[in-house]
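Nothing fancy with the numbering, it's 1 onward along the sequence.
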Amino acid sequence: MANSKPKVTLSAAITLDGKIGQKNKQIVLSSKTDKIRVHKLRSKSDAILVGKNTVEQDDPLLTVRYAKGKNPIRIILDSHGTIKNNSKIIKTCKRVPTIIVTSEIISKPNLNRLQKLPIDVIVCGKTQVNITKLLSILSKKGIKTVLLEGGGTLNRSFLKKNLIDEMIIALTPYVLGSKNTVSLFEGMSFPELKTKLPLKLKNVQKSGNEIILNYKI
Ligand SMILES: NC(=O)c1ccc[n+]([C@@H]2O[C@H](COP(=O)([O-])OP(=O)(O)OC[C@H]3O[C@@H](n4cnc5c(N)ncnc54)[C@H](OP(=O)(O)O)[C@@H]3O)[C@@H](O)[C@H]2O)c1
């Protein structure tokens with residue numbers, strides 16, 4: 001019987017104080033060596049998944065460029081379907097397979113605009129994307145591995161629903177502080193410290209000034 005959900009691997013670069021970014025400002029935490037590692041990881045994944053804010057703020061390509069290999073399918077979670085036509089994702093969607101996932105809250109004009117593009121549009125969820133349902137849809141499409149590349153709000157949703165099978169975290173030699181920053185898992189503080197991950201630390205690797213932490217079930 002086919003697996004009902006693809007394997008989800010969360011990949012992120014964090015500062016020493018657990019931040020992944022700054023609000024409304026693009027920053028680069030990864031070294032060139034680390035970018036090569038992440039791009040190799042991308043090339044081995046069927047799909048790469050990010051939240052709308054990451055696309056709005058960083059305007060990423062989400063392709064494999066620092067390593068050899070195929071591009072994964074890019075999946076953007078955008079409940080209102082407001083991704084800009086001049087974003088790098090949309091500008092490259094003819095050559096890189098792309099899925100935009102929206103919810104039933106999307107307006108007709110936004111849905112029409114997206115449906116005219118050479119992308120796959122999935123409507124899944126009432127006011128926000130239902131990630132459990134989405135993973136089941138992706139599984140039916142033959143997607144077996146998903147690289148979850150943030151940001152913090154989306155990571156939190158996956159953590160909350162216990163959908164993360166593996167985490168590969170690059171600990172970088174920076175600090176960002178708490179004001180206007182984005183945490184690895186954004187949102188309300190967890191009620192208790194014992195909100196521990198159902199994952200175990202399996203490997204630690206030093207790479208230049210970075211430490212790669214690998215947690216698995
Ligand atoms: N260091 C790293 O490795 C790394 C990687 C990626 C991003 N980042 C940083 O992370 C920051 C962005 O993170 P963010 O937390 O602001 O936003 P995000 O996680 O990128 O995007 C969140 C948005 O995705 C949409 N979404 C749709 N369905 C969702 C669901 N079920 N659960 C959660 N979100 C859903 C929501 O917008 P709608 O309701 O409009 O759909 C939500 O506001 C940026 O600073 C970026 O640079 C860092």
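Scanning both residues, Asn71 and Val64, for their nearest heavy atoms gives OD1-N, 2.7 Å. Shown here for Gly51 and Leu154, the closest heavy-atom pair between the two residues is N-CD2, 3.4 Å. Residues Asn86 and Lys91 come closest through the heavy atom pair O-CE, 3.4 Å.
Side-chain contact between Thr153 and Phe185: absent, with no pair of heavy atoms (C-beta onward) separated by less than 4.5 Å. With contacts defined as side-chain heavy-atom distances shorter than 4.5 Å, the pair Val121/Val101 does not qualify.
For the residue pair Asn85/Arg113, the side-chain donor-acceptor check at 3.5 Å is satisfied. In summary, the side chains of Ser183 and Lys19 do present a donor paired with an acceptor at a separation below 3.5 Å, with no hydrogens or angles considered. Side-chain contact of Thr63 with Arg74: a donor-acceptor pair under 3.5 Å is absent, judged by distance alone.
Paired with Asp165 under the rule salt bridge (charged side-chain N to carboxylate O under 4.0 Å, His left out), one option of Lys216, Lys144, Lys5, Lys202 passes, and it is Lys5.
Listed by first then second residue, pairs satisfying salt bridge (Lys or Arg N to Asp or Glu O under 4.0 Å) with a partner in residues 34-46 read Asp34-Arg37, Arg42-Glu149, not counting sequence neighbours.
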Asp120 and Lys141: CA distance, side-chain angles, deciding distance, salt bridge (charged side-chain N to carboxylate O under 4.0 Å, His left out) verdict: CA-CA 11 Å; Asp120 193 357; Lys141 283 180 180 284; 2.7 Å; yes

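Thr15 contributes no side-chain N or O that, together with a main-chain N or O of Val175, makes up a donor-acceptor pair within less than 3.5 Å.
Partners of Tyr215 according to the ring-ring contact (aromatic ring centres under 6.0 Å, His included) rule, which considers only residues two or more places apart in sequence or in another chain, do not exist here.
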